[in-house]
Each structure stands twice: as structure tokens, then as C-alpha cells.
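Each chain gets a letter, A, B and so on, in the order its sequence line appears, and its residues count up from 1.
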Amino acid sequence: MNRRKLLSLLGMSPVLLTKASAKAESLPKNAEAESDTGSAGGKVTAVNPKGTPPAIKLIPMAPRLDSLDGKTVYLVDTGFHGSDTLLEQIQIWFKENMPDVKTVFRRKAGPYAQDDPALWKEIKEKGNAVIMAVGH
Amino acid sequence: MNRRNLLSLLGMSPVLLAGATAEAKTKAKKAVASAGGAKLEVLNPRGMPPPITLIPMAPRLSSLDGKTIFLVSDGFPGADRFLAEVGDWFQKNMPSVHTEYRLKAGGFADDDPKLNAEVKAKGNAVIMAIGH
Amino acid sequence: MGIPAVPMVTIAFKDLAKTNCAKRGMPLQRIAFTPHPVWGKTDEQMYAYLEGNDPVSGKNLMKEVVDNLTRPLTADESKTGVVTPPVGAPTFIDTSDNLQQYFLDNGMTDFMPIILPTQEKVDAMLKGTSHKPDEVVGKMTPARGAFPEWSYTVKQVAVNAVMAGATPDYFPTILAIASTGISALFSSTNSLVSAAVINGPIRDKLQMNYGIGAMGPFNQPNATIGRAWTLISKNLDGGGIAGETYMGSQGSVINYNNLIIPENEKDSPWTPFHVQKGFKATDNVISFFFGFSISQGQGAKGLGMRPVPHFHEAMSANFAPFASLFGAMVVCDPLVANGLGDLGYKTKEQLADWLQKNTTVTVKDVKTMLFSGLPRGPQAANLTDDMVIPKWPKTDAFNFIVCGGQTNPYHQVANMSYRLSVSIDKWV
Amino acid sequence: MGIPSVPVITKAFKNLVVLNAAKRGMPHERITFTPHPVWGKTPDELRAYVNGPDPVSGKPMMKEIVASLTTPLTDDEKKTGMVSVSIGPPTFTDTLDNLQEFYMNNGYTDFMPIIVPTEEKVETMLKATSHHPDEMVGKMAAGAYPPWSYNVRQVAASAVMAGARPEYFPIILAIASSGIASLFSSTNSFAFAMVINGPIRDKLEFNYGIGALGPFAQANATIGRAWTILSKNLGNGGIPGDTYLGSLGNNLNYNNVVIAEDEANSPWPPFHVQRGFKPEENVVSIFRGLGVVPGQVARGSSVNQNPEFDHQLSDLFSTFTGFFGALIIADPLVARRLKEQGYDTKEQLIQWLYKNTTQTVKDYKSRNYAYLFDYPRALQGVEPYATWYKLPDDTVIPHFPRASDFNIVVAGGQTNAYPQAGNLSYGVSVSIDKWM
């Protein structure tokens, strides 16, 4: 599935996103009245059972760097099995292919969905970019 | 639940049983109509139960004095010890009654023809323990 | 037998005992009831039962036993003849709301909404098979030997398939289930569960889910075929009546929809299950399992081994509380199956071989397990308490099904035995 | 953070991550994918991943990462503002048969027949509570997603669909108010349970006798089912690959584990009273974890001996993860037998089980959940994990970290002295009366 299709599943049309409009489009159509073969005869009106999703605040991405030369990249392990080994291999890749880049490996403390404010503070002070490994 | 309700759940009315008729009466009532909506006709989802042959109970003894009673366990946990207590009770209360303990072979729902033959040959009555 | 008999039944089985005697032709059987349970009671407590009253009749228990053996029979008790229990009218007419309620009140559902089985919908279902509506499909009982078998036709199965929410293209699979006569609501005080493994191209034709959430509520064929099995187990054999034809003390949630496991054949490194059982890869087959529930394997030791998880050790650890009465069925995510392949288990048989040898128990422990048995035959004499023996004597206790969405290398383990496989194609 | 970052994700989570980034306000987030899985792969195999292509874009993985960190942002990527998400029109009109199919095809159901929620039926449901149809009931998310909110009317629609009777509605509202979805987005296929206490059990004819957990009563069946349907509709849960990721799935998610406690036949105080409620209050308590297993298989109860349920339960727990607790579902026969053995209170049994259910540090560390969940806590200094990770391998430690991880409820038809146990943790208890 491509990103456009995925987002429309979410009820977010790409058009909508580009315009950043707060107005919702009624995407799902009414059930079409098809051939009236059902033994349950006439038409009835039924309510939509869906809850109310929160409005989404768009977050601009952080500005990119001109180049990674001489920069410090933090490699952050979220704690899933195998992430540490993958990030080690990324570290080796930088050493071999972009030796000017300094890499720092950190395992995020706390469960995977929890923030680690101390780590974020450290990265903000000492780092220029982050690569996070998620999944296993 | 009393026996009458139970049997009618089964579709066997006590009347029916007493009459021992082979004809099944259509007992289920039509659902009663009430307000709202058109009526539909729908099919009964039930399968076909086999006919039941009534089995007359074996004639009773006039008294247990001097008779042999087989105490038969179905093999559930605790049944053996329970029947040992039944044996004790006869010894204390009706000492002329002779009791024989037997564990029925096979699964709890299986017949044990060998045991049946032995009981028939040597016994006058049976007490079976079921449950645990 | 011709010899007077009195069943002494613990009161928990009162309804069961009475209706079952009636179904067997002795509706007026003289039964004496004792308090429940006897298991776990001391000899003194049991003797007190005997000196006390029958909790149903209120009469002195042993006096009642003696009386039942000696009091002359009444005319009704001596009756012979044949009775056919009626199952109600062939059709019911009412509004859809009232009919939903009527089916529920009369024990014809799993207590959830159904599609009402109108003639039109049943006819549409019947188009899903070439078999004639009146053809007898099979016989079923809530427990073989304990209850009489009922029989049923293609049409009666179709009514239940409609009710479950199945579509006509699922019907051959449901007929195959019904043809085995296996009830999903087996009557035992153990709350047992049933599983069906589906193999062959029909999995994709029906768009069955063998990916993410395969065993959960995410797909129509998985959900409704499983549900249909429970509905036919109630309606086609009189099963699933709590206290009468269903005795599981605590019950199981799995009985609602049963475990429906289409094998993920394309992502599996191993032979599909039906091919193991002698069918062709292109055959459509449903295979049946039965036993004590299923549990998730990711809590076990061994799975967190680094860097490579020891799936086989985790499985063996997960079998620790299993009873040897039933076997071990393992549902492996494709990631697990492929991981095991990398570890050298190139076939299901190699894995079964390792697990049979390495899943062990002490003789002493087996003696404290209600549903596990010690080896029989000549070796039985030489067993000592501290001896370590395999939990299952043969590798055929182990069965492996590959299924899952590959989001995590997890497996689930079921203390369940394989029963049989039947062709779905035969019912198309 | 203001610092450019790139998530590196295994391909299995593609849909999840793209959708989740969008829900969190970054629909264009630059993501790099690796083949799946990385768990169980050797360093050499992972090296090949790093030197190979991103399996989604086809571009060399590391070049893509560097480019993501250094290519200037497009206008779209810099955008701010608010977007709302559509859930479609408030009603649909069609024949009952077509609506039945429409609701299923739109993911509103559990793929089984529903009662179509007509305005009339929803109105009837709403009469069973004094709360206003527009009152907000709560917020729910099926994982680490922005939660959805819902009012009394929206809960009523799901209740009708599940086949619930109006008198069940206060219980369904109480469940919805907890905000706990019964379909949780995790690659683990979690299970959920509820325990019902108070006089409402008899008023609504809950089954806590024979077959208590099975398909034998309308209240148990439809209230359990309503939880799953509302988790889909109100919490946006249960979309495979997006908000549901359980690899194998869990059969218990259809109807959930609904346990009405058999208070009358229990020798111990009912569960809600243990939690500080009065006996006459109606309460639903929620549990979550991995599932439920039967106990009669384990060691401790041969035919020839009297059953030892304490030992049996302890044995059964060997395969449980200590990450979740143990919920013991004792048949009244089991509970009374335990009382005869000397466990006068649930607490005494819990203390025994806590002390006698043990494992070695070596076995503990070999558990997947220890590495995933406990080790990061140990790094934060959280006890007992920080201490456990420092102990020698052969040290014997408790299987569950706290005695409070155990809970006991009594239910069953007394046809046999069997327990069941769930690897389930207590979440919360909610008043049902509040929603009458």
C-alpha cells in the first residue's frame, strides 16, 4: 500500500493535508442502495458507531543539516531484540564510509513507548542528528 | 429444575412418556407477534434426535437380606473411597448384605461386558457411583 | 441386565443424570443423590454423607438406596415402547426482532445476534454445495457413548451456517466439519476446546486470514466458520445445554468461535500439515484438534536468549504444565519456523524428534498429575520416583502449524491432540 | 527536539509507522526501512541489511539515511496547522441486509452478524442510563496513538450492535469509561478480562455456574463482545497492520474473558470488596495480559491423593511471564478446598504463592520479556529489576516481582474441582452504578 492510500484510510486525503484545512471531508459514502433482494425488505436508517478522532496538529520536521561531515550522530536503541546489533553495524558503516562522522550509541532507558528526557537533553546538547532503530 | 421441566426441555412431555407414543407432537410454539416490522418465516436449525426405546426397570428385590450387592465405580476420583464407605455402612447397618467392590473397565461412558456378566452371575443388585 | 440397580450420583450431575436416563429410555430411573464433591473429602466426611439425607429428595440417603432396590415397580416404571423426542416446528414466523429473541430464548444460538435463516438465505447457502439438501451429512453427540447420536441433513447444516453469518462459499468447509460428527462443545467437567487447521488453495479463495491477528476477530471466514461449528454443536445434537449436555465447570471463551487456523503455507519453510497427512498440496483439507486450550509462548524461558532466540527450548519449557493425555500442538509464526530452520530444524519431524527427547518429567511428578500417565508394559515395573522420562513416549504427540503475520517471532502452544483430517473438496 | 532524525524501521511495521507518524502530525516523515526481522539475525546478516537497499524505496539504505538527514525540507514538510479526520456521515440508510454487509465491510464489526443500530434501537438503549446522550464518556487508544473520544450515544450504537439488552448498558458504559481497549496494538496478541461483582450479576442473569466463561448466557456473551466492538469503533483499534499488530492473534479477543464472581459460593470476600467497594455496589474490574489456561493439567492433583491446588497453581505459573500477574479463577469447590487446607483469606494464599513460585536468575534473564521490559527499567534503577540483574545466575528469585501481582476470583459450576488461571494483570475497577 502506498502512502497516499494509507492516509486516505485514515480519513486524511493528501489534498486535505496540503491545504492544511481544518474542515473534514465526508469520505465514507452512504451505503449504496443496491438491489432490494434482502428478505428484510424496506430501508432503515442506522447510526454511525464511530467515536470522535482527535484533530491532528501538523508538526514541521526539524531543519536538515547541509552535510554530516564532522557532525555527531546519535544511534538510539529503543530496546527491541536485535536493534543494538543493527545499530552497531550502522556504526561500522559510518566508520568505513564517512569517517568524519562521530557516532554515539545509546540505549533508551525505560519501556519502549516511554520518553527518556535525560537522553533527549544529552542529544540536544551534544548531537547534530539522530538515527533511531524501531522494530525487531 | 424439576424432572417435568427437564423432560420438557428435552422435548419429552411426561404425558407423552406415559402414553409411550412414537408420534412426536409439535410442541414448540410459534413466536408471538408483536409491534414493529414485517413478518418473516425462518427455518428450524435443529437436527434429528434418534427415537428412544423405553427400557422397563429390572424387578426389585423383596429384601436385601443375604443378598450380594456389587458396588461399581465409574473411575472418577474419589468414587472408590466413597464406595468403600458404602460397604462400611452395610457392614454396620445391614450385616447380612454381602458387598463386592468393582472398578468398571474402560472410559466412564463405555460398557464393561465382562463386569456385567459377573454381576449377572453372582450379584442380586448394583449400586453405581457417578460423579466425583 | 435384569438386576435392580441404583445409581448414586453427586448432586452436581443431577440434571445430567435425569435427562440422560430419559434419553436412554428410563425416564423414571430411581437415582439417589449425594452431596458434591466426594473427591478431596475424608472418609469421615463421606460416611457423614451416607448417614445424612439425599439433598434432592430430603430422605435419608442409605434408606433411600435400600428402598430403591426393594420397592416394587410401578406400572410406568415397567413401560416399554418407542418415543421420538420432538424438536419443534419446521419453520417459525414472526418479525425479525421477535425471531432473534425466540432463537436466543430457545437455546438455538450462542447468545449473540444471528442472521435469521429465511428460506431464501438457506437456499442461497445450499447453492454453495453440489450435495442434495436432504442428504444425511453425519451423526453427532455431545459425548460419544454418554449421549445418543443425532443425525442431520445438508439443509439443517445450511440453516446453522446462515445463522453464523457465513457466506455460501464457506459452506463446503462447514459441511466438512459437520460430516466428522465432532462437537465443539464436548460434554465433560473439563472445559475442553476444539481447533481446526485449514490447508489448501481454499484459504486464499475464501480470503482467510493467516497473517496478522490470524486467530482473532479480523476476518469473516475465520470468524463465522468457527462460530458455525459451535452453533451446529448446539442445534444438530442437542449439545451445549449447561448442566445437561455441557458440564465444563468453568467453561472456555474459545468455545464461542473455536480456534480456526489456516496454515500460512507460502511463508512456511516446512511441509504443509495436510501434505504431512498424505493429501496433495492442491487438496483442500480441514484437520481437527481437541484438548486443553492454548496459550502464548512468549513468556517462557529461552526465548530471550541472545543473539538468537532458542525457540525449541522455549517450546519445551512451555510444555511443562501440559498433560500427556493430549499432545502438543504448536502454532508457529513464519518467523519462528524460519528461525528454527536456521537453527538446523529443516523439517517438522526433526523438531518433533528434539522436543520428544528433551521434554521430560520425573516419575514422581507424573504421579501428581491427574491427566498424565506412566509408561505401561514391561518397563513399568522398573520405574522409580526420581527417574526422568519423556513426557510423551512418541513423536506423534507433536504437531506444528505455521500461521501468523510475521510482526514478531512468537509461537503459541496448545495441549491438544490431532484427531483426523477430512477433504473439503468432497463437499464442494 | 529541533534536531534532524531518521527512524530506521523493520519492514513489517511499514503501515503502522507511516500512519502513526501522520496521526502524530508528521505525514511526510522521512523513514528508512530494513528487512524484517532483525531479532535472531547474526551481525554479518545485519551488516548485509546495512549495505543493502531499503526494501520499500529500493535505494541503498545508508545513502538514504544520510540524504534524509541532509536534504533540505520541502514546503509540505515544513507545514503547520490542524487537520481533522473524517469518520463519515452520522447515519446510513439502506435495507437491513445491505447495512449488515456495509458495517462489516467498513470494519465496524467483529465480522459476525450484528443487530443493526437503528435510531430506534439506539434510543431504547439510551433509556437504560440517566446520562445524557451527548455526555462524554471517555477517551480510548489501542496503543501509543492519539486517543479518540466518545459520548454516551456512540457507546450505545456499539452496544446495540453486539446484541446487548438495554439493561446491560450501564456495564458497557463503565467499561468504555475506563478507556481500556480490548484490542491492543502490540506484536504480542494480548487478551483482556473483566470481573463483574455485585447484585447486578443476578439481576442480569450472568452465568457464573457451569460453563461460566463459555457461550451460555446473553449477558456474558454480549457484554464481552461489546467491549471488542467498541474498541474498534470508539478507540480505532483492531485494524490489522495499523492499530493491531499481534502476529498470531488471540481467540479470546472475540468475546473477552467475562467472569462474574460466584460471591454466594465463595468462602472469601468478593473481589470488589477487596478493592474497597461495598458488597452491594456493582463493579467491573479490568485485567490484561496473555491469556487463560486450565489448571487441572499441572502437578498437584492425582486421582489417588487429595488435590493440592496451591502447589498446582504454582506449577502452572512456570510458563507465565512475570511482566503480567496471575489471575486465579477458582471453582467454588477449589476455593472451599483451599480454605479447608488453611487459607482463610485470599491474602494468605497469595503470600504462599508469591513465596513459593520461584525461578533462577539464569532462567529469568533468558525470558524475552525480561530483556524487553525489565532490563530497561533496571537501567533506570527500578526495583526489583535493578537488583535481580546484578545477582549471580543460580540465585533463586520470585517468579512475580510483587505479591500484589496475584489476584483471585471465584467462579464455576462445581461439577469438578478445577481452577483456571490467567497470565493477566489487574488494571482498574469501575463503578457500574455510576452509569445507571
J.: Output the option from Trp148(D), Tyr150(D), Phe13(D) having the highest count of non-hydrogen pairs under 4.5 Å with chain A.
T.: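 So the answer, after comparing Trp148(D), Tyr150(D), Phe13(D), is Trp148(D).
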
J.: Would you indicate whether Asp66(A), at its atom CG, is surrounded by more than 12 heavy atoms from other residues, nucleotides or ligands within a distance under 6.0 Å?
T.: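 Counting other residues, nucleotides and ligands, CG of Asp66(A) stays at 12 neighbours or fewer.
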
J.: Among Val101(A), Ile92(A), Val134(A), Ile90(A), which has the most heavy-atom pairs under 4.5 Å with chain D?
T.: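 Of Val101(A), Ile92(A), Val134(A), Ile90(A), Val134(A) has the most heavy-atom pairs under 4.5 Å with chain D.
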
J.: May I ask you to name which of Met132(A), Glu88(A), Met98(A) has the most heavy-atom pairs under 4.5 Å with chain D?
T.: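 Winner by heavy-atom pair count: Met132(A).
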
J.: Tyr74(A) and side chain to side chain donor-acceptor pair (under 3.5 Å): which single residue from Arg106(A), Lys126(A), Glu122(A), Lys102(A) fits?
T.: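 Among Arg106(A), Lys126(A), Glu122(A), Lys102(A), the one that satisfies the side chain to side chain donor-acceptor pair (under 3.5 Å) with Tyr74(A) is Glu122(A).
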
J.: Can you tell me which portion of Asp69(A) sits under 4.5 Å from chain D's heavy atoms? Options are side chain, backbone, both or neither.
T.: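 For Asp69(A), there is no contact with chain D at all, as no heavy atom is under 4.5 Å.
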
J.: What's the shortest heavy-atom distance between Arg64(A) and Leu69(D), and which atoms?
T.: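 In this case the closest contact between Arg64(A) and Leu69(D) is CB-O, 3.3 Å.
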
J.: Please determine whether side chain to side chain contact (heavy atoms under 4.5 Å, CB included) holds for the pair Lys78(D) and Met61(A), giving the CA-CA distance in whole Å, both sets of side-chain angles, and the decisive distance to 0.1 Å.
T.: CA-CA 6 Å; Lys78(D) 289 184 200 160; Met61(A) 286 164 64; over 6 Å; no

J.: Side chain, backbone, both or neither: which part of Thr32(D) has an atom under 4.5 Å from a heavy atom of chain A?
T.: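 When you check distances to chain A, no heavy atom of Thr32(D) falls under 4.5 Å.
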
J.: Which heavy-atom pair separates Ser185(D) from Leu245(D) by the least distance, and what is that distance?
T.: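 Scanning both residues completely, I find the closest heavy atoms to be OG-CD1, 3.8 Å.
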
J.: Is chain A contacted by the side chain of Pro146(D), its backbone, both, or neither, given a heavy-atom distance below 4.5 Å?
T.: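 Pro146(D) touches chain A through backbone and side-chain heavy atoms alike.
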
J.: Taking side chain as everything from C-beta outward and backbone as N, CA, C, O, which of these in Asn368(D) sits under 4.5 Å from a heavy atom of chain A? Side chain, backbone, both or neither.
T.: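 When you check distances to chain A, atoms from both the backbone and side chain of Asn368(D) fall under 4.5 Å.
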
J.: Can you tell me how far the CD atom of Glu119(D) sits from the CZ atom of Arg153(D), to the nearest 0.5 Å?
T.: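 Those atoms lie 9.0 Å apart.
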
J.: Given a strict heavy-atom distance threshold of 4.5 Å, which part of Glu96(A) is in contact with chain D: side chain, backbone, both, or neither?
T.: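 Contact with chain D involves the side chain of Glu96(A) alone.
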
J.: In terms of heavy-atom proximity below 4.5 Å to chain A, should Met140(D) be classed as side chain, backbone, both, or neither?
T.: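 For Met140(D), there is no contact with chain A at all, as no heavy atom is under 4.5 Å.
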
J.: In Å and rounded to the nearest 0.5 Å, what is the NE2 to CG distance from His28(D) to Leu58(A)?
T.: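 One finds 8.0 Å between NE2 of His28(D) and CG of Leu58(A).
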
J.: If we define contacts as heavy-atom pairs under 4.5 Å, which of Leu68(A), Val73(A), Asn97(A), Asp116(A) has the most with chain D?
T.: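 Among Leu68(A), Val73(A), Asn97(A), Asp116(A), the one with the most close pairs to chain D is Leu68(A).
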
J.: Would you kindly say whether Thr91(D) and Thr45(A) are connected by a side-chain donor-acceptor distance under 3.5 Å?
T.: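 On atom types as modelled, these side chains do not qualify, holding no pair under 3.5 Å.
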
J.: Would you mind checking which part of Ile65(D) comes under 4.5 Å of any heavy atom in chain A, side chain (CB onward), backbone (N, CA, C, O), both or neither?
T.: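 The side chain, not the backbone.
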
J.: So does Asp44(D) pair up with Arg47(D), basic N to acidic O under 4.0 Å?
T.: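 Looking at Asp44(D) and Arg47(D), the cut-off is not met.
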
J.: Under a 4.5 Å cutoff for heavy-atom pairs, which residue among Gly82(A), Ser67(A), Ala118(A) has the most contacts with chain D?
T.: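 With the most close heavy-atom pairs to chain D, the winner is Gly82(A).
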
J.: Please report the shortest heavy-atom distance between Ser83(A) and Val38(D), naming the atom on each side.
T.: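 Closest approach of Ser83(A) to Val38(D): N-CG2, 4.2 Å.
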
J.: Quick check on the interface: out of Leu230(D), Asn151(D), Ile9(D), who has the most heavy-atom pairs with chain A under 4.5 Å?
T.: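 Highest number of pairs under 4.5 Å: Ile9(D).
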
J.: When only pairs under 4.5 Å are counted, which of Val17(D), Leu234(D), Leu73(D) shares the most heavy-atom pairs with chain A?
T.: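 Ranked by heavy-atom pairs under 4.5 Å with chain A, first place is Leu73(D).
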
J.: Pick one of side chain, backbone, both or neither for Arg24(D), based on which atoms fall under 4.5 Å of a heavy atom in chain A.
T.: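 The answer is the backbone of Arg24(D).
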
J.: Side chain from CB out, backbone as N, CA, C, O: work out which of these in Thr71(D) comes under 4.5 Å of a heavy atom of chain A, or both, or neither.
T.: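 Answer is backbone: N, CA, C or O of Thr71(D) sit under 4.5 Å from chain A.
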
J.: Examine Arg107(A) relative to Tyr371(D) and say whether NZ or CZ is less than 6.0 Å from the centre of the six-membered ring and inside a 45° cone about the ring axis.
T.: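 Cation-pi check for Arg107(A) and Tyr371(D): passes.
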
J.: For the candidates Pro117(D), Ala157(D), Pro37(D), which exhibits the highest count of non-hydrogen atom pairs separated by less than 4.5 Å from chain A?
T.: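 It is Pro117(D).
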
J.: Given a strict heavy-atom distance threshold of 4.5 Å, which part of Val122(D) is in contact with chain A: side chain, backbone, both, or neither?
T.: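 Just the side chain, heavy atoms under 4.5 Å.
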
J.: Where does Lys121(D) contact chain A at under 4.5 Å (heavy atoms): side chain, backbone, both or neither?
T.: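 Interface part for Lys121(D): neither.
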
J.: So which heavy atom on Gly127(A) is nearest to which on Ile3(D), and how close?
T.: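 Nearest pair, atom of Gly127(A) first, then Ile3(D): O-CD1, 3.7 Å.
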
J.: Which heavy atom in Ala142(D) sits nearest to a heavy atom in Gly237(D), and how many Å separate them?
T.: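 Heavy atoms of Ala142(D) and Gly237(D) come nearest at CB-CA, 3.5 Å.
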
J.: Is Tyr145(D) close to chain A through its backbone or its side chain, or both, or neither, when contacts mean heavy atoms under 4.5 Å?
T.: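 Neither; nothing under 4.5 Å.
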
J.: Sort out for me which of Pro7(D), Ser68(D), Ser149(D) touches chain A most, counting heavy-atom pairs under 4.5 Å.
T.: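 When all of Pro7(D), Ser68(D), Ser149(D) are compared, Ser149(D) has the most.
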
J.: Do you know which of Ala378(D), Ala156(D), Pro43(D), Pro147(D) has the most heavy-atom pairs with chain A at a distance under 4.5 angstrom?
T.: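 Sorted descending by pairs with chain A, the first entry is Pro43(D).
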
